[in-house]
There are 2 protein chains.
Amino acid sequence: MTNEEVDRIFRALADATRRDIVRRTLTSESSVSDLARDYDMSFAAVQKHVATLEAAGLVTKYPRGRERMVRGNPENLRQVQQLLQHFEDLWRSRVSRLDALLAEDPTP
Amino acid sequence: MTNEEVDRIFRALADATRRDIVRRTLTSESSVSDLARDYDMSFAAVQKHVATLEAAGLVTKYPRGRERMVRGNPENLRQVQQLLQHFEDLWRSRVSRLDALLAEDPTP
DNA sequence: CTGATCTACAACCATTTGGTTGTAGATTAT
DNA sequence: ATAATCTACAACCAAATGGTTGTAGATCAG
């Protein structure tokens, strides 16, 4: 994953409406207009949110008749989780180095 | 965590420079000017990035003489990880429901 | 004391973001 | 065939973002 991709994913998740769309479409897929009905904004606004999520690879869309079905895609969520886990690991390694330092024989 | 807090955290992570600052300060703390030296932008720009991270609770700052030391804070990273794990769980529950459906006796 | 360093913060600017309305193309229903 | 529904996309707007420079307050070094 390039920095730009990671940027896009985090930015896409930095909005409560978009996080809710991801949550919903991970559970069960919905059409764009199904989604739009549940938010207090225009259809076009919801459509843009879905497009942002699609560009970030967090949802996929496929046509069913005149509707576009939106389905959550867990793949990039896992990638992000892995990145955060890496951070967590860095922190733990720092802590254990500090622990080692404290455990050293204090009389060299 | 409120939606606004989550927004702030994801938004703070949606920038490669800020992610790098988090990574570095989780490993070993640095002063703001230490950090600023390593990025191709003004001191003030780096200072703003650190402020954004601090507002998101991803780093903490404390004074050491005339310097401000920046230290990565793993707490909110874990919160975000938990949120992503929740998404992952939702997806898995959907998959197992589909599995259950497929496993149903096809002749009722 | 004086000068250098580190930080904070304001003011400014270009770009992006998140919303709107309006128009037009496809598909479905009557 | 006509009307209704769903989507895509453009144009526009206010606010936020990410950068800049400049100024001023603390702290440290000589």
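Order of the sequence lines sets the chain letters (A, B, ...), proteins ahead of strands, with each chain counted from 1.
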Where at least one partner belongs to residues 44-62 of chain A, residue pairs that pass side chain to side chain donor-acceptor pair (under 3.5 Å), sequence neighbours excluded: R18(A)-H49(A), E29(A)-Y62(A)
Validation row: N3(A), R19(B) side chains within 4.5 angstrom (heavy atoms): yes
Would you mind reporting whether L13(B) and L84(A) have side-chain heavy atoms less than 4.5 Å apart? yes
At their closest point, which heavy atom of G72(B) faces which heavy atom of L26(B), and how far apart are they? C-CD2, 3.7 Å
Quick one: does any side-chain atom of S33(A) pair with a main-chain N or O of A36(A) as donor and acceptor, under 3.5 Å? no
With a 4.0 Å cut-off on N to O distance, would you call D34(A) and R24(A) a salt bridge? no
Taking protein heavy atoms under 4.0 Å as touching, what does nucleotides 11-19 of chain D look like 5' to 3' if B marks base contact, S marks sugar-phosphate-only contact and - marks none? ------SSB
For every nucleotide of nucleotides 3-8 of chain C, 5' to 3': is a protein heavy atom under 4.0 Å from its base (B), only from its sugar-phosphate (S), or from neither (-)? -BBSBB
Using atom CG of L53(A) as one end and atom C1' of dT17(C) as the other, report the distance to the nearest whole Å. 14 Å
Min side-chain heavy-atom separation S31(B)-R64(B) under 4.5 Å: no
Atom-pair distance (CZ on R19(A); C1' on dG18(C)), nearest Å: 15 Å
Relative to the 5' end of DNA chain C, which residue comes earlier, R64(A) or V46(A), by the nucleotide with the nearest heavy atom? V46(A)
Base, sugar-phosphate or nothing for A44(B)? Non-hydrogen atoms, less than 4.0 Å. base
Between E4(A) and R8(A), is there a salt bridge with N-O shorter than 4.0 Å? no
